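Notes to accompany the following structure.
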There are 2 protein chains.
Amino acid sequence: MGVMSADRIPPHPDVRAVPLQRVLEALADPVRRSIVTQLCDTAADLKCGGFDIPVSNSTATHHFRILREAGLIRQYYVGTSRMNALRRDEFDDVFPGLLDAVVSADRRSSRPDATA
Amino acid sequence: MGVMSADRIPPHPDVRAVPLQRVLEALADPVRRSIVTQLCDTAADLKCGGFDIPVSNSTATHHFRILREAGLIRQYYVGTSRMNALRRDEFDDVFPGLLDAVVSADRRSSRPDATA
DNA sequence: GCGAAAGTACGATCGCTGTCAAACTTTGAT
DNA sequence: ATCAAAGTTTGACAGCGATCGTACTTTCGC
């Protein structure tokens, strides 16, 4: 008995209404930061199962919800897959420079770093 | 029977050796963020008791330690007062743009905001 | 229709962290 | 010498949040 695929996703917040506290809590978790970084690097939307993260399925759902409520990602369904998109521009408007600084530093942290 | 006032402060980390994780955990707490913002706004070193924070003395000590170990502040004694200095330049070298983004957003969060 | 695929929702743990009060330490002033 | 000022240390406690397994829901392909 189908519900339309539209409202299968909980509402996305207006980024301007998201407290900095929520944003920093979201970005302070390594798994979530990895999700954001992967979205940045891919420069394309990814389904939940398309990420390389070391947690169970239900834990992943939890992390995606936190990111969504922090205004960092937008989710929408394609068939049975939930897609995730970075809300780059909207987010940068409200928190200028933050995403860049975090993602840049995170990339450096995650790489082996072979600099002499 | 006095110990010299020099080594009354635990060692400060090399900022380049501080993991991003530690930095974000430090900045994700509202009290610590307030401390950093006040240091930014004052543009001068402040003694521990010189901050406007709503926690007990021992809790404050805890927060200052977290900030110090995150490479965000440098502490030194002047008489019986422990002074706190932002490690601005060193920190910006390793995490460019991060402090600015967080402090700017934090200032906006803390103000009433009377914009029409 | 039926089964598989992709996630979600729900409880239940469990460890971490922010908090405080109380006792202690060091320095400066009297 | 003593006392006050400024913080620290220690121990205890409470609440949050990351995690997982299991059960459930929706959609797609046959």
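So that the names make sense, note that chain A is the first sequence line, chain B the second, and so on, each numbered from 1. Quantities reported herein were computed from a predicted structural model and do not represent experimental measurements.
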Expressed as a whole number of angstroms, how long is the span from B:Arg68:CZ to D:dT8:C1'? 11 Å
Roughly how far, to the nearest 0.5 Å, is the SG atom of B:Cys48 from the CD1 atom of B:Ile53? 8.0 Å
Using side chain to side chain contact (heavy atoms under 4.5 Å, CB included) as the criterion, list what pairs up with B:Thr37, not counting sequence neighbours. B:Asp41, B:Val103, B:Asp106, B:Arg107
Does the side chain of B:Leu72 come within less than 4.5 Å of B:Ile35's, by heavy atoms? no
Not counting sequence neighbours, which residues clear side chain to side chain contact (heavy atoms under 4.5 Å, CB included) with B:Thr80? List them please. none
Which atoms of nucleotides 1-3 of chain C (N or O only) lie under 3.5 Å from a protein N or O atom, and what are those distances?
none

Residue whose closest nucleotide on DNA chain C lies nearer the 5' end, A:Thr80 versus A:Pro10: A:Thr80
Would you please confirm or rule out a distance under 4.0 Å between OP1 or OP2 of D:dA6 and any side-chain N or O of B:Arg82? no
Which donor-acceptor pairs under 3.5 Å do the side chains of residues 89-96 of chain A make with protein atoms, sequence neighbours left out?
residue : atom : partner : partner atom : Å
A:Glu90 : OE1  : A:Arg87 : NH2          : 2.8
A:Glu90 : OE2  : A:Arg74 : NH1          : 3.1
A:Glu90 : OE2  : A:Arg87 : NE           : 3.1
A:Asp92 : OD2  : A:Arg88 : NH1          : 3.1

Could you work out, with side chain to side chain contact (heavy atoms under 4.5 Å, CB included) as the rule, every residue matching B:Asp52, not counting sequence neighbours? B:Gln38
Does OP1 or OP2 of D:dC20 have a side-chain N or O of A:Ser56 closer than 4.0 Å? yes
For residues 20-28 of chain B, which side-chain donor-acceptor pairs fall under 3.5 Å, sequence neighbours excluded?
residue : atom : partner : partner atom : Å
B:Gln21 : OE1  : A:Arg33 : NH1          : 3.1
B:Gln21 : OE1  : A:Arg33 : NH2          : 2.6
B:Gln21 : NE2  : A:Ala28 : O            : 2.8
B:Gln21 : NE2  : B:Glu25 : OE2          : 2.8

Rounded distance [0.5 Å steps], CG in B:Asn84 versus CG in B:Asp45: 8.0 Å
Starting from C1' on C:dT27, measure out to CE on B:Met83 and report it in whole angstrom. 15 Å
Exam field: side chain B:Ser34 to backbone B:Pro30, donor-acceptor pair closer than 3.5 Å: no
Please report the closest heavy-atom contact between B:Leu39 and B:Ala85, naming both atoms and the distance. CD1-C, 4.2 Å
Donor-acceptor contacts, no H, no angles, side chain residues 60-69 of chain A, under 3.5 Å, sequence neighbours left out:
residue : atom : partner : partner atom : Å
A:Thr61 : OG1  : A:Asn57 : O            : 3.3
A:His63 : ND1  : A:Arg32 : NH1          : 3.1
A:Arg68 : NH1  : A:Gln75 : OE1          : 2.6

Contact residues, residues 57-64 of chain A to DNA chain D [heavy atom, < 4.0 Å]: A:Ser58, A:Thr59, A:His62, A:His63
Give the rounded distance in Å between these two atoms: OH of A:Tyr76 and C1' of D:dT27. 17 Å
Report the distance from atom CZ of A:Arg65 to atom P of D:dA18, rounded to the nearest whole Å. 10 Å
Test of understanding: with side chain to side chain contact (heavy atoms under 4.5 Å, CB included), list the residues that count as partners of A:Ser58, not counting sequence neighbours. A:Ser56
Mind running a 4.0 Å heavy-atom check of residues 18-34 of chain A against DNA chain C and sending the residues that fall below it, in number order? none
With the criterion being N/O to N/O and under 3.5 Å, what pairs connect the protein with nucleotides 23-25 of chain C, and how long is each?
none

Other members of the hydrophobic cluster containing B:Met83, with the 4.5 Å side-chain heavy-atom rule, please. B:Tyr76, B:Val78
Integer-rounded Å distance: D:dT25 P and A:Tyr77 OH: 14 Å
Do A:Leu98 and B:Leu98 have side chains that approach each other closer than 4.5 Å (heavy atoms only, starting at C-beta)? yes
CD of B:Glu69 versus P of D:dT8: gap in Å, rounded? 13 Å
Measure from CG on B:Asn84 to C1' on D:dT8 and round the result to the nearest Å. 14 Å
